[in-house]
Amino acid sequence: MLTFEEFEHLARSFNVVPIAQTMLADTLTPVSAYFTLRESESPSFLFESVEPNEKLGRHSFVGVDPTMILKAKGKTVEISDGLNNSARQESIFDLLKDIASQFRQGGVCEVDGFAGGFVGYLGYDCVRLLEDIPLHPNKSPNQYDAMFCLFPTIIQFDHFCQLVTIVHNIFVNPREPLRQQYEKGKQRLETMELRLRKSTNVTHTFECDLSRAKSGSDEHSFIQAVERAKQHIVDGDIFQVVLSRSTQIPFSGDPFSVYRALRVINPSPYLFYLDYGESKLIGSSPEVLVRVRNKEVEVLPIAG
């Protein structure tokens, strides 16, 4: 962990300084940690690598207790920081860039991998903010186009070294004594460590009624779409396309049980679970799409 003197030195040049505490992970897993730390009323996420490769699948991440929430619909973005609620008429891309540019994070050499920041999703409708593309009306008008949460505290799992690192970013306040901010940051690390060591009873409460499943399109229409896509490939308009049908299934209970089942039956090594209240995203992928390390961006798409 950074000493106060090191923190004080970094705080002269940076307004965000991460401090970290490392512990053994022999009795913890990302799933058990997420179960222990998540709270029903607060957004949280789990990014998990289940392939303990030293380079590609080494880390998993858990985030809880965000300090800022952005919810976008079209060019209207709702902003909540726990104290105030406001709205701005701006692209979610421009707003994220604007907010992120205000932070200068120092001391990141103390930790490896993702060390805090915005986590969220961009819905397909956000393409309207980048390109003039006609889209069908959104069938879920109450669904936000994008949601991002600012997580100052991250739990990192290093599967190769069997270690857990708790990272907490101190957002330096020039109006508050540095020693006081440093001590608050240390207290946050201690609190998170105590929460991690607390056992949680795992319950299975998920149920769904497959007999009431509703598909977004009928089989005949889907087959026609496949035939059109094949012709576009032959004509040279495209070289790849992903076709799918949305399905709605009534359910009750905790959707995290679906994630736990997915990680068992799906061979993809990279999985994610985002719980943003009414919006919950569950998924997996076989590829590392993009990775940033030491200011070097690496792109690793499987297709294209």
Side-chain angles (χ1 to χ4, degrees), residues 25 28-40 42-53 55-66 68-72 92 96 112-126 140 143-160 164-167 196 202 206 242 244 246-247 249 251 253-293 297-303:
L28 280 173
T29 68
V31 169
S32 66
Y34 182 74
F35 257 119
T36 301
L37 295 176
R38 68 172 180 166
E39 297 179 0
S40 59
S42 179
S44 58
F45 76 86
L46 167 60
F47 291 162
E48 189 177 12
S49 299
V50 295
E51 183 181 35
N53 180 285
K55 182 178 180 182
L56 294 180
R58 180 169 178 170
H59 294 98
S60 295
F61 305 95
V62 174
V64 294
D65 307 329
M68 182 183 296
I69 303 174
L70 308 179
K71 301 178 180 179
I92 184 65
L96 283 170
D112 188 25
F114 181 50
F118 280 105
V119 173
Y121 71 85
L122 292 168
Y124 186 76
D125 284 358
C126 287
S140 302
Q143 177 75 45
Y144 287 102
D145 295 341
M147 284 184 66
F148 282 86
C149 297
L150 179 60
F151 292 91
T153 305
I154 297 294
I155 313 300
Q156 299 183 348
F157 281 80
D158 186 331
H159 302 297
F160 184 74
V164 171
T165 300
I166 308 170
V167 183
L196 276 173
V202 177
F206 183 85
V242 178
S244 62
S246 63
T247 302
I249 304 174
F251 74 91
D254 186 1
F256 192 62
S257 297
V258 178
Y259 172 84
R260 295 178 64 204
L262 178 67
R263 70 190 296 275
V264 171
I265 65 176
N266 193 296
S268 297
Y270 307 107
L271 302 104
F272 62 87
Y273 182 81
L274 270 67
D275 184 350
Y276 284 6
E278 290 296 318
S279 299
K280 293 178 174 62
L281 275 71
I282 304 169
S284 61
S285 174
E287 63 182 347
V288 179
L289 180 59
V290 62
R291 178 174 56 220
V292 180
R293 179 173 293 173
V297 180
E298 190 174 6
V299 182
L300 301 166
I302 290 177

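In this text, all values refer to a predicted model and were calculated from it rather than measured experimentally.
Judged purely by atom type and a 3.5 angstrom limit, S285 uses its side chain to pair as donor or acceptor with the backbone of E287. Using a distance-only test at 3.5 Å, with no hydrogens or angles considered, a donor-acceptor pair links the side chain of S60 to the main chain of S49. Of the possible polar contacts, none joining the E48 side chain to the Y270 backbone as a donor-acceptor pair under 3.5 Å is found. In this structure, the side chain of T36 engages the main chain of S32 through a donor-acceptor pair within 3.5 Å.
Side chains of L37 and I155 form a contact here, defined as non-hydrogen atoms less than 4.5 Å apart. In this structure the side chain of R260 never reaches within 4.5 angstrom of the side chain of Y273, judged on heavy atoms. Using a 4.5 Å heavy-atom cutoff, the side chains of V62 and I154 are not in contact. Side-chain contact between V164 and Q156 is absent, with no heavy-atom pair separated by less than 4.5 Å. Taking the side chain as every heavy atom from C-beta outward, L70 and F118 approach each other to under 4.5 Å.
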Take D158 and H59 through the test side chain to side chain contact (heavy atoms under 4.5 Å, CB included) and record every step on the way to the result. CA-CA 5 Å; D158 186 331; H59 294 98; 4.1 Å; yes

Mind running ring-ring contact (aromatic ring centres under 6.0 Å, His included) on F251 and F206 for me, showing each step along the way? CA-CA 7 Å; F251 74 91; F206 183 85; 5.5 Å; yes

Can C149 and V119 be said to form a side chain to side chain contact (heavy atoms under 4.5 Å, CB included), step by step? CA-CA 5 Å; C149 297; V119 173; 5.9 Å; no

Might you work through the side chain to side chain contact (heavy atoms under 4.5 Å, CB included) test for R263 and V31, ending with a clear yes or no? CA-CA 10 Å; R263 70 190 296 275; V31 169; 3.7 Å; yes

So T153 and V64, side chain to side chain contact (heavy atoms under 4.5 Å, CB included) or not? Walk me through it. CA-CA 7 Å; T153 305; V64 294; 5.9 Å; no

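F157 and A33 get closest at one heavy-atom pair: CZ-CB, 3.6 Å. Considering every non-hydrogen atom in both I282 and P255, the closest pair reads CD1-O, 3.5 Å.
Relative orientation of the Y34 and F256 rings is tilted, given thresholds of 30° and 60° on the angle between their planes. Relative ring orientation between F47 and F45 is described as tilted, the plane-to-plane angle lying within the 30° to 60° band. Y276 and Y121 have tilted rings, their planes meeting at an angle from 30° to 60° on a 0 to 90° scale.
Summarising the geometry, atom CZ belonging to R58 is positioned 6.0 Å from atom CZ belonging to F160; distances are rounded to the nearest 0.5 Å. With rounding to the nearest 0.5 Å, the separation of CG in D65 from CD in E39 is 5.5 Å. Separating the OG atom in S44 from the CG atom in D275 is a distance of 4.5 Å, to the nearest 0.5 Å. Here CD1 of I92 is found 6.0 Å from CZ of F148. Values are rounded to the nearest 0.5 Å. Residue S42 holds its OG atom at 6.5 Å from CD1 of I69, rounded to the nearest 0.5 Å. The structure places OH of Y259 at 9.0 Å from OG of S284, a figure rounded to the nearest 0.5 Å.
Salt-bridge check for D254 with R38: passed, with a basic side-chain N closer than 4.0 Å to an acidic carboxylate O.
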